Structure formats: C-alpha cells, structure tokens
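Please read the structure below before turning to the comments.
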Amino acid sequence: MAKEGITPRAKDYAQWYLDIVRGADLADYAEVVRGCIVFKPTGYALWEAIQRGLDERIKASGHVNAYFPLLIPKSFLMKEAEHVEGFAPEVAEVTRAGGQELSEPYVIRPTSETIIGYFYSKWVRSWRDLPLLINQWANVMRWEMRTRPFLRTTEFLWQEGHTVHVDHDDAERETLMILNDVYADFAEKDMALPVLRGIKTEKEKFAGALRSYAIEVMTQDGRALQAGTSHNLGQNFAKAFEITYADKNNQVQHAWTTSWGVSTRLIGATIMGHSDDDGLVLPPRLAPIQVVIVPIYKNDVEKATVLDAIDKITAEWRGKIRFYLDARDHLTPGFKFNEWELKGVPLRMEVGPKDVQKESVALAPRIVLEGSVPEGKKPKSFVPQAGLTEHVSNLMDRIQHGLYERALKFREAHTFQANNYDELKGQVDAGFVRCWWAGSRADEEKIQDETKATIRVLPIDQPGGKGKCVYTGKEAHTIAVFARAY
RNA sequence: CGGGGCGUGGCGCAGCCUGGUAGCGCACCUGCCUUGGGAGCAGGGGGUCGGCCGUUCAAAUCGGCUCGCCCCGACCA
C-alpha cells in the first residue's frame, strides 16, 4: 500500500527515509553548499515545535537564554587537549576577512564550550554567582564526511546549555536533571518516542567531558540514534579557561561545568521513529497541522453549504486545535487524502453534503488506533458534530499515546539479551542487545570492527547483581546496550 | 577520504553504444467537465542536456578535467 514515490522500508530503509523527507516537503538539499540542507517551512515548523517544548522545560528548570559569537578564536579550541583532538578534524576556519589575512584565524563554532568558558571566567567570581545556568539556541558547523538530511548535516541548529557549579555533585545533579526532566521527558511526552537513558563509555563520551549521558532512540531498522546528550565536564574546561570562584572560606576553587544539547536531529528521530510506507507520521503534540479538513462537494451550492458547515464546526477550535482547511478546488478528495497522509497530519476530517444533512463528520486518524479496524482498510468513522471539539481533542491524545505505545512495543520486540559474543553478533543487526560488560575500551573497539556495533549506553537503570562479560567472560557488574548507531 | 552508482523542463526517466536542429510520463497553465481514496478530454508553456576545456563541418552523444548528489565503509549530534 505504499505511496507513489515512497520506497518501502523493508526494501531500502535509507532510501525510504530520503523519500519521506522529500515527499513530506520537509527539506531541500542545499546542493550549492556541501552537506547542508534548506529547512523548508514544514521542516522548520517541526523545529519550532521542538524549540517550544524544550525551551519551556529549560526555563522552568531555572535556565535563561543568551547568545555567544559564531566565530571562535582558533587558540580557544586548542586549550582543552581532548576537546581539540575530538573536534579538530571537523572544524571550518575563517582565515581571511575584510580583504586581508587574519592574524589569528577563527573557527566556526562546532560547539561553544571554549568561547563560553572564556566569558564565564570573567563572570564568575564568588560562590554566590553559582550556579550559572545559561542556554543558547544557535547554529553550529561540523565538517562531516557523510551527511544525511536532519540526522547529520554540515550546519545544524541546536540548543546548547552551559552551566557552572560549585562542586562535582551539583554539576552531576544538573547533568542528570537535564537528561531526565528535560530531554527524556520531552522525547517521551511530546515526540512520543521512548528513550533509553544511560552513560556513555569512555570511547563514546564527549571530547573533553568527565562523563557523558545520552538518550537513545531506536529507529525502525533496529539501530540506535543518539537524540540528546548531557555532559558533566568536571573541571576540565574550568581549568583550561580559569573559571574560578571564591568559596565560603574565601578559598579560590576551580568551578565544575556542564554542557548539554539536542539538535535538529530530533526531526530525523521523529521521522524514523514513527513514519510508515505511506509517508510521514507526526505525533499530534509536534504536528504543525493536527487536523486537515477536506471538504467534499459536487457543485457550487454544495460547496457553499459544506464550507459554511466547516466554519461553524471549527469556530471554537481556535487556540485549541491546529487545523487547516484544504479548499483547493482543482484536486479531488482522494488526491488530498493521499497527500496529507504523506505529510503526516495526525487526523483528517471530511465534511460532505451527507454530513451537513446528518450533522456528522468523517474522521480518519493517520495511524490505526487500538480497538479500531485492523490493517488493510483505512479506518474512517462518522461522528456527530455535537461535542466534536472534545472528541477531536481526545483523539489527539489517543494518537499521541498510540504512537508512543507502538514505538515502545517495537523497541521491546527488538531488544535482545546476549549471554555470549556469538549471540551478540547474531542479534546486533536486528536491534538493541543487552549484555553484561566488563571489557576495556580496546575490547569495545574490537567489537566495533567485527560487528559495526558500539556500546550505546550503560543504562541508568541497572538490574544489580552480576554476570559474565559478553566478550571477556570476566565477572561483570554492569549491563551494556550494544547497537549499530546512526 | 576509499569503493560503487547517477547528473537531460519542477519530479521521474528515455535518447548516448553507432555524433546530424531534444523526447516520454507526471506536475504546471487555459477551458469544459468532475469531486466521500491519487478523475477525463482538448489546447498550451517550459530544457544553452551539471560546469569547463578539447576533438569535429557538426557534441546530450566522443575524450580530458571539474562540481554536485545517492549508496556502502572509516568519523560524528
């Protein structure tokens, strides 16, 4: 039942993804600028919805927004050894401006720890200045070898939070609070995507961090997509940039910093997590258009009465339901049905002459809901106009929850337990693999060479107890989750 | 950056091997007619064939260089 021009997932998942991006009109390749995309209005509207949900949570937890320069003196990037090593290969430099060579080149920010660190060192003097809780919405640039719309582009949009704390524990609390109360909460409630929360291994952690945490989403081909990261930077950047404060005993201390970010990759996560062979599927809380209305009529008289009925029906929707009336005259209803399914609108409402007569409307959810008509037939139900606003609002909730449950079931069905390395090798192409782990960084690298899979996280929720390491056979106290990553 | 594939109206493609004034489907425009799951008919507009250089009387077609895109791999949010 795939739409024209949409490659079925089972045939070619990568091509399916690109077909959705193009078909739903989310982005255009910026073919004149390597690795970049244009966020078209629908794609950008998704980003705006993501910004709203996150910004609300970021501010509710005491942070404020600010903005730092796009250009960073190259020397700044060099100050934290591990950080340089991690980012050097992918930074773009500005060496010439104003018609002459610059005495010191700037780099275009790949992330802003360094320049923000410089300013924080000026702003922080006393323990009374802490915690310093600032977030920035910005674009960044990383010269990646291979790009993919939303998932990895040379330039991308994100938010990066940068905070300063008095000690390790306070920084750690912040790092975890962001992971749980901001990122995981947003992903699960607004994006309807279940996330796996955990700690990154040494091999996968942020360049320059003491410890990195992440939320990981499972895509429909069973791979892992890092959807957000939160880092306890320890005193590494505080030392590199001399962020110090006088404590209560007037002793000068190096501060502890954190940073955390999510990017336009979340748009890719939403696409990969929910969409199907008919096109994009959007969770109602994120959808720029929640209900599309398709009027049905045969002549001008019918058209007038139908549009009039729609006006009355939607009069009380403003501010409650985001809807759009597709009044294009030259297209048949059937064409519109398919087009809006491709664009992922959660609910379609049809209003025709029969509905006007019977004071009903036809409602067709984008996904099959629990307890409705099984696969094959597209579910469409006729409901009375009386009480419709509430009915539609309820449907939005049911679709939102339905999406979450569907994604969760999928993840559970594609999460395996490996007791030995052979099992892991066999399972890792199909999904997440949980196993006991006591290996080294070198062991992890060897596994990556042999299976393409890496440890995505050491889950925060550990079962306790002990077992045999999947690779070394040694006694292990930690469960790791392996997967192939995007 | 390595291996593979591909650049021809907005989109998808044919034409290239064997050089000779650029074609098809969809989309678009106009009109009629239709409209509860991708309607029909008629008329019409739109492309210096990714770019540059070369071979030739003549290049979408042959040769060289270059740019870009897609897939696979190494790097990454």
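In this text, all values refer to a predicted model and were calculated from it rather than measured experimentally. Here is how names work: the chains are called A, B, and so on, in the same order as the sequence lines, proteins then strands, and each is numbered from 1.
Using a 4.0 Å cut-off between a side-chain N of Lys or Arg and a carboxylate O of Asp or Glu, A:E216 and A:K200 qualify as a salt bridge. We find that A:D276 and A:R366 are joined by a salt bridge, their nearest charged nitrogen and carboxylate oxygen being less than 4.0 Å apart. Note on A:D429 versus A:R484: salt bridge recorded, some NZ/NE/NH1/NH2 to OD/OE distance being below 4.0 Å. A salt bridge links A:K205 with A:E202; the closest basic N to acidic carboxylate O contact falls under 4.0 Å. By the 4.0 Å N-to-carboxylate-O rule, A:R348 lies close enough to A:E350 to be salt-bridged with it.
An OP1 or OP2 oxygen of B:A39 is reached within less than 4.0 angstrom by a side-chain nitrogen or oxygen of A:T332.
With B:G36, B:U35, B:G37 as the choices, the nucleotide that has an atom nearest any side-chain atom of A:K298 turns out to be B:U35. Nearest to the side chain of A:L18, among B:C70, B:G73, B:C72, sits B:C70. With distances taken from any side-chain atom of A:R148 to the nucleotides B:C70, B:C72, B:G38, the minimum falls on B:C72. Here the side chain of A:H330 is nearest to one of B:G37, B:C28, B:U35, namely B:C28.
The residue A:R484 sits close only to the backbone: its heavy atoms come under 4.0 Å of sugar-phosphate atoms, none of a base. The residue A:D355 sits close to a base: some heavy atom pair falls under 4.0 Å. A:G261 comes within contact range of no nucleotide atom at all, as no heavy-atom separation falls under 4.0 Å. Nucleic acid contact class of A:T153 (heavy atoms, under 4.0 Å, all strands): base. Residue contacts for A:Q226: at a heavy-atom cut-off of 4.0 Å it reaches the sugar-phosphate backbone alone, with no base atom in range. Using a 4.0 Å heavy-atom criterion, one finds that A:K354 contacts the bases of the nucleic acid, with or without backbone contacts as well.
One C1' atom belongs to B:C67, the other to B:G50, and the distance between them is 7 Å to the nearest Å. Rounded to whole Å, the separation between the C1' atoms of B:C13 and B:A27 comes to 14 Å. Here, B:G31 and B:C72 have their P atoms 47 Å apart, quoted to the whole Å. A distance of about 30 Å separates the P atoms of B:A14 and B:G54, rounded to the whole Å. Nucleotides B:G9 and B:C28 place their C1' atoms 11 Å apart, quoted to the nearest Å. Annotation: B:U21 and B:C1 have their C1' atoms spaced 44 Å apart (nearest Å).
Nucleotide B:C13 forms a Watson-Crick or G-U wobble pair with B:G23, both donor-acceptor distances falling under 3.5 Å. When both distances must be under 3.5 Å, the Watson-Crick or G-U wobble mate of B:C1 is B:G73. Nucleotide B:G7 forms a Watson-Crick or G-U wobble pair with B:C67, both donor-acceptor distances falling under 3.5 Å. Across all strands shown, B:U35 has no partner, as no Watson-Crick or G-U wobble contact with both distances under 3.5 Å is found. With both pairing distances under 3.5 Å, B:C28 is matched to B:G44 as a Watson-Crick or G-U wobble pair. Here B:A59 sits opposite no nucleotide as a Watson-Crick or G-U wobble pair (both hydrogen-bonding atom distances under 3.5 Å).
Taking a 4.0 Å limit (strictly below) on heavy-atom distances, residues 187-209 of chain A does not reach RNA chain B anywhere.
The residue among A:P353 and A:F156 whose nearest nucleotide of RNA chain B lies closer to the 5′ end is A:P353. For A:F87 and A:Q15, each mapped to the nucleotide of RNA chain B holding its nearest heavy atom, the one lying further toward the 5' end belongs to A:Q15.
A side-chain donor from one of A:E174 and A:H63 sits under 3.5 Å from a side-chain acceptor of the other.
Contact of the A:H165 side chain with the A:T257 side chain is not registered, since no non-hydrogen atoms from C-beta on lie closer than 4.5 Å.
Checked by distance alone, A:R348 brings no side-chain donor or acceptor within 3.5 Å of a matching partner on the base of B:G36. You'll find a donor-acceptor pair under 3.5 Å spanning the side chain of A:E341 and the base of B:G37, going by distance alone.
Ring planes of A:F241 and A:F237: parallel class, angle under 30° (limits at 30 and 60°).
In this entry the distance linking CZ of A:R22 with C1' of B:C69 reads 13 Å, nearest Å. Between the NZ atom of A:K343 and the C1' atom of B:G38 there is a distance of 15 Å, rounded to whole Å.
For A:Y486, there are no ring pair (Phe, Tyr, Trp, His ring centres under 6.0 Å) partners at least two apart in sequence or on another chain.
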